[in-house]
Amino acid sequence: MKYKTKFVAVLMVLAMVLASCGSKQALQASVGKLAEKETQAAEKEAEAEASESTADAQEAADAQAAEAAETKAEEAEGEDAGEGYIVSADGGFSTRFPAEYKAEWIHEQDMLGGIRIYTGDAGEVPFVSIIRETDYEDDADPDDPKGFLYDYVLEDAAFESGFFGFYPADCDDIEEYTFGGKTLPGMNVYLLDEDENLYYMLVLVMTEKDNQLGEEHFIRLAAIYQDGHEEDKEAVMEVLDTAVRELHLDHVYFDNSEVQPGNLLLDFCNDEGLRIWFERALTRLPDELTYTSDRWHTITDPDMIRAVLEALKTVKIGDVSDAHVGASGRQIFEFYYRAGGEGPDFRFFQDTFDWGEETYDVLDWGDLKDLDLLDAAEN
């Protein structure tokens, strides 16, 4: 009962401020009671504004990732033709799901986003979400997943549910659930929408070792479905079982180090996550390259995609540029996997390279200048 008692207090705080970007205000009403409709409307308006302001920087990339990921992964790798495959944009973690459903990748930020698998219409309940919970690991005990579930995971999951118009009303005690052959701590949270329709959110936490360093990390899984919809419940439980069984964690996010001007692209960027992505991309090639110059062009020829990846590594980047080239001489490279997930994009304008918040001089185009990209384009 101790976790439920503590979490009820959290629910009382969250019920009015799920979408206020993390601010906590005391709520005097009892758990299970929603605020007056006018208050809800005001909060939802504030939520929309806050969400819009934090999402703008990722809007374009997320839209592209979502569009690519909606394609069913029947063509993806794997021995079981009845399962789809979805991978995070950085290639850090992946899982499988029943192929009749839809999956998308949403940029992970502030403990929101991750992999989502929809058993009905894309973007709507019911669905399962999976995200790497890495922000709190310095303060968490990897041997205490139940404590981590209460202290961090439940609040994050409840906060995220607010973006779908839900408000937490009550919860059960923490129990152990078995999915994919693993026993995981979890809690069933009761949610209400603005019309006081009841939904259930089963929140689970699992620990998984990453393949690169062998370190333990926490993964949050949540399944949301409406009360009385037994077929939806069965579907999301099936998704959870497959997702847990097939989840693979290669790595979590890496902190970017300072760029190293005067070096080839990978050494210049000095980003361990980027190096890992290149290694995996050259082993399992992206399915598609979008090349944008005068307009966007689609390239699916694997030989050309490999050639572009190799050529990018030969481009030499200098220091911060003083040039003001605008959008002239545009060359943008964006890589996609049909199974869902996009790679990093590489943006060049005239003789400059955009990286992070700065623009840098291109000192040498290397092998990239010799590729006939338009000849390989399909449109």
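Note that the structure is a prediction, hence the values are computed from the model and not measured. Residue numbers start at 1 and run along the sequence shown.
Between the CG atom in D267 and the NZ atom in K316 there is a gap of 11.0 Å [rounded to 0.5 Å]. Between atom CG of residue N188 and atom SG of residue C171 there is a gap of 9.0 Å, rounded to the nearest 0.5 Å. Separating the OG1 atom in T119 from the CE atom in M237 is a distance of 10.5 Å, to the nearest 0.5 Å. Considering CE of M206 and CG of L184, their distance stands at 6.0 Å, rounded to 0.5 Å. The structure places CG of L240 at 11.5 Å from CG of L247, a figure rounded to the nearest 0.5 Å. In this structure, CD on E175 lies 9.5 Å from NZ on K146, to the nearest 0.5 angstrom.
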**OP:** Show your working on side chain to side chain contact (heavy atoms under 4.5 Å, CB included) between W355 and I317 and close with a plain yes or no.
**Re:** CA-CA 10 Å; W355 184 252; I317 311 297; over 6 Å; no
Original post:
Does the pair F218 and V153 meet the rule for a side chain to side chain contact (heavy atoms under 4.5 Å, CB included), with working shown?
Top reply: CA-CA 9 Å; F218 289 105; V153 172; 5.7 Å; no
Original post:
Could you go step by step and tell me if V87 and W105 meet the side chain to side chain contact (heavy atoms under 4.5 Å, CB included) rule?
Top reply: CA-CA 7 Å; V87 60; W105 164 256; over 6 Å; no
Subject >> R245/D241 under salt bridge (charged side-chain N to carboxylate O under 4.0 Å, His left out): CA gap, chis, key distance, verdict >> reply: CA-CA 6 Å; R245 184 184 72 245; D241 194 70; 3.8 Å; yes
**OP:** Quick one: do F348 and F353 satisfy ring pair (Phe, Tyr, Trp, His ring centres under 6.0 Å)? Show the steps, please.
**Re:** CA-CA 5 Å; F348 300 90; F353 173 57; 4.9 Å; yes
Original post:
For F278 and K313, what are the C-alpha separation, side-chain angles and deciding distance, and is it a side chain to side chain contact (heavy atoms under 4.5 Å, CB included)?
Top reply: CA-CA 9 Å; F278 259 91; K313 293 164 59 180; 3.8 Å; yes
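The closest side-chain heavy-atom distance from L204 to P185 is not below 4.5 Å. Put simply, the side chain of E334 reaches to within 4.5 Å of the side chain of R347, judged on heavy atoms. E231 is not listed as a side-chain neighbour of K233, based on a closest heavy-atom distance of 4.5 Å or more. Between Y199 and L192 there is no side-chain heavy-atom pair separated by less than 4.5 Å. Residues L221 and S129 are not in side-chain contact: their nearest non-hydrogen atoms beyond the backbone lie 4.5 Å or more apart. Counting heavy atoms from C-beta outward, L191 and V189 have side chains that approach closer than 4.5 Å. Residues I131 and I219 are not in side-chain contact: their nearest non-hydrogen atoms beyond the backbone lie 4.5 Å or more apart. R306 is listed as a side-chain neighbour of L282, based on a closest heavy-atom distance under 4.5 Å.
L368 is not connected to L264 by any chain of hydrophobic side-chain contacts under 4.5 Å among Ile, Leu, Val, Met, Phe, Trp and Tyr, and they are in different clusters. In this structure, L374 is not a member of the same hydrophobic cluster as F349, with clusters built from ILVMFWY side-chain heavy atoms closer than 4.5 Å. Under the 4.5 Å side-chain heavy-atom criterion for Ile, Leu, Val, Met, Phe, Trp and Tyr, V362 and L371 are members of the same hydrophobic cluster. At a threshold of 4.5 Å between side-chain heavy atoms, the hydrophobic network of Ile, Leu, Val, Met, Phe, Trp and Tyr places F268 and W365 in one connected group. Both V315 and L373 are members of a single hydrophobic cluster when ILVMFWY side chains are connected at heavy-atom separations under 4.5 Å.
Considering D354, T352, D322 as possible partners of T359, the one that fulfils the side chain to side chain donor-acceptor pair (under 3.5 Å) test is D354. Of the residues I224, D232, I117, V236, the one that meets the side chain to side chain contact (heavy atoms under 4.5 Å, CB included) test with F127 is I224. The residue from H248, K182, R132 that alone fulfils the side chain to side chain donor-acceptor pair (under 3.5 Å) condition with E208 is K182.
Of the possible donor and acceptor atoms, one in the side chain of D301 sits under 3.5 Å from a partner among the backbone N and O of M304. When atom types are taken as modelled, the side chain of E160 and the backbone of G113 share a donor-acceptor pair closer than 3.5 angstrom. For the pair D364 (side chain) and G366 (backbone), a donor-acceptor distance under 3.5 Å is present. Put simply, the side chain of T314 gets close to the backbone of A311: a donor and an acceptor are under 3.5 Å apart. Formation of a donor-acceptor pair under 3.5 Å by the R220 side chain with backbone atoms of I130 is not found in this model. Using a distance-only test at 3.5 Å, with no hydrogens or angles considered, a donor-acceptor pair links the side chain of S88 to the main chain of F93. Not a single donor-acceptor pair under 3.5 Å links the side chain of D361 to the backbone N or O of L363.
Heavy atoms only, all atoms of each residue included: Q350 and V325 are closest at CB-CG1, 3.7 Å. Counting all heavy atoms, side chain and backbone alike, D193 lies closest to N197 at OD1-N, 2.8 Å. Heavy atoms only, all atoms of each residue included: V239 and P98 are closest at CG2-CD, 4.2 Å. Closest approach of R284 and Y85 over heavy atoms only: NH2-CE2, 3.9 Å. In plain terms, the two heavy atoms of A377 and H297 that are nearest each other are CB-CB, 3.6 Å. Listed here is the closest heavy atom pair of P344 and F335: O-CD1, 4.0 Å.
A donor-acceptor pair shorter than 3.5 Å can be found between the side chains of Y291 and Q331. Y200 and D227 are linked by a side-chain donor-acceptor pair at a separation below 3.5 angstrom, with hydrogens and angles left out of the test. With no hydrogens or angles considered, a side-chain donor-acceptor pair links Y190 and D172 at under 3.5 Å. Of the N and O atoms on the side chains of T95 and E246, not one donor lies less than 3.5 Å from an acceptor on the other residue. In this structure, a donor-acceptor pair under 3.5 Å is present between the side chains of D210 and H217.
Aromatic ring orientation, W277 versus F346: tilted (interplanar angle from 30° to 60°). The aromatic rings of F166 and F164 lie parallel to each other, with less than 30° between the two planes, well short of the 60° mark.
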